[in-house]
Amino acid sequence: MTQIRWWVVDVFSRLLEPAEREVVLGDFADSRETSGRALRGVLGLVARRQAALWAGWRPWLTAVGLIVPLGMLLSIVSRRTADGSAVYLWLYANNWDWALTTNPGFWSLLAETGVHLLVWYLTLACFSWTSGFVLGSASRSMNRINGVLMCLMLLFGALVGAPRYFAFCEDYLHRTFRVAALPDYNAAVFDLPFYRVLLPLIVQGVLVALPAVWGLRQGLEAVRFRLPLRISLWIAAVATLAAMVIQDQAFWLFLNSHVVRAYRQPGNWLGWGIRLLQSVVFWPVAYLVVREVGRRWQRRIA
Amino acid sequence: MLGEFEYLLLTAATRLGEKAYGATIRQEIEDATGRPCSIGALYTTLDRLELKGLLRTQMGNATSQRGGRRKRMVRVTGKGAQAASDFYEAVKRVSRGVSWETSRATVRS
């Protein structure tokens with residue numbers, strides 16, 4: 001029990017600034033503090049430090065302006081990706097037949113589907129990484145608490161936000177366009193708890209939460225870059241976030257209903273712009289590769 | 001004007017002199033008041049007093065007793081000593097003619 005308490009003390013002390021953490025843990029060792037008292041002490045100090053940070057307006061702006069909308073948007077994209085890929089996964093995993101492997105058409109379709117799924121997953125991971133990157137660059141002093149809040153928001157989005165959003169969209173479609181309810185062609189897939197419950201959570205955890213936390217840490221480092229490079233990164237990040245908004249069908253439904261009837265006129269202004277955005281989305285891959293190559297190059301020179 | 005805890009902290013740090021850092025100040029306050037002193041209250045008050053210019057802190061050396069971790073050494077400034085002295089004088093003045101010897105306070109005429 002004591003060891004567990006000390007482990008919890010160690011975990012919570014990471015929410016303190018590194019120098020303060022060192023001093024506080026040193027004081028505990030110095031005064032031979034009991035684990036229970038140390039735990040109360042560190043929790044109290046973390047609570048006071050966090051409360052002091054939230055006294056300003058910036059953390060609230062970050063929470064309302066970035067964490068909530070990005071967390072919700074990522075949850076929606078993640079749910080759509082999980083549901084979309086569930087159909088393909090079910091098709092292959094739950095209906096596997098060795099006889100199919102003798103059919104050449106099967107292999108080309110499998111390759112096509114595999115690439116399709118990979119692109120979906122990579123796009124989602126890039127959206128998540130970029131969101132974390134933006135969050136990390138925007139608010140350095142609160143990066144740990146922002147990371148925790150982002151993960152909580154993603155959990156809320158996965159369990160409550162995204163399912164309610166899709167229910168709302170469906171209802172909106174019926175009311176606005178008087179679309180009759182379509183039969184659920186994928187009922188066989190989503191009757192299985194794995195595809196209905198587990199897969200969305202796995203996708204949210206692996207392709208959203210982890211890349212977002214990774215991006216957040218990279219965003220902290222990026223503030224040391226030179227201004228032109230920082231501006232370029234921000235342009236790529238903003239373009240990626242724009243692509244994340246634009247790819248959502250509700251955005252187009254909104255445009256169609258309230259703005260320019262763009263839905264019925266897929267104009268030329270959209271075509272090349274969207275294709276460009278689609279490729280910009282993968283900028284984190286290029287960024288990480290270039291960074292890694294640069295690091296290795298510097299190590300070799302040193 | 002200082003708060004009660006700020007006064008305790010400045011006085012403990014002054015008494016400890018060169019040995020004033022988080023753990024020793026905390027022990028000193030606990031011994032004097034007979035009450036536990038939370039590390040959260042201690043370090044947030046240290047920050048506040050440093051911001052007011054009443055004390056200065058700096059990172060000290062690491063010791064094996066602390067698992068190789070450094071101390072945050074505390075030194076009371078002249079302004080801090082003056083503020084503590086003013087507080088003490090105010091307590092003395094306001095206490096003049098008041099006796100706390102019985103369970104109920106009495107005022108001497």
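All chains are named by letter (A, B, ...) in the order of the sequence lines, taking the proteins before the strands, and each is independently numbered beginning at 1. Everything numeric in this text was worked out from a predicted model, so none of it was measured.
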ask   = Which of the residues B:A41, B:G67, B:S38 is involved in the greatest number of heavy-atom pairs with chain A at under 4.5 angstrom?
value = B:A41
note = One option among B:A23, B:A62, B:G22, B:G68 has the most heavy-atom pairs under 4.5 Å with chain A, and it is B:A23
query = Given a strict heavy-atom distance threshold of 4.5 Å, which part of B:Q65 is in contact with chain A: side chain, backbone, both, or neither?
reply =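 Both backbone and side chain.
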Heavy atoms from other residues, nucleotides or ligands near CD of A:Q3 exceed 12 (cutoff 6.0 Å) = no
remark   = CG of A:L124 to CG of A:L207, rounded to nearest 0.5 Å, is 5.5 Å
key: Residues which pass salt bridge (Lys or Arg N to Asp or Glu O under 4.0 Å) with A:R58, listed by chain and number, not counting sequence neighbours   =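 Salt bridge (Lys or Arg N to Asp or Glu O under 4.0 Å) check on A:R58 returns nothing, list empty.
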query = Under a 4.5 Å heavy-atom cut-off, does chain B meet the side chain of A:R32, its backbone, both or neither?
reply = neither
inquiry  = Under a 4.0 Å threshold between the charged nitrogen and the carboxylate oxygen, would A:E221 count as salt-bridged to A:R217?
reply    = no
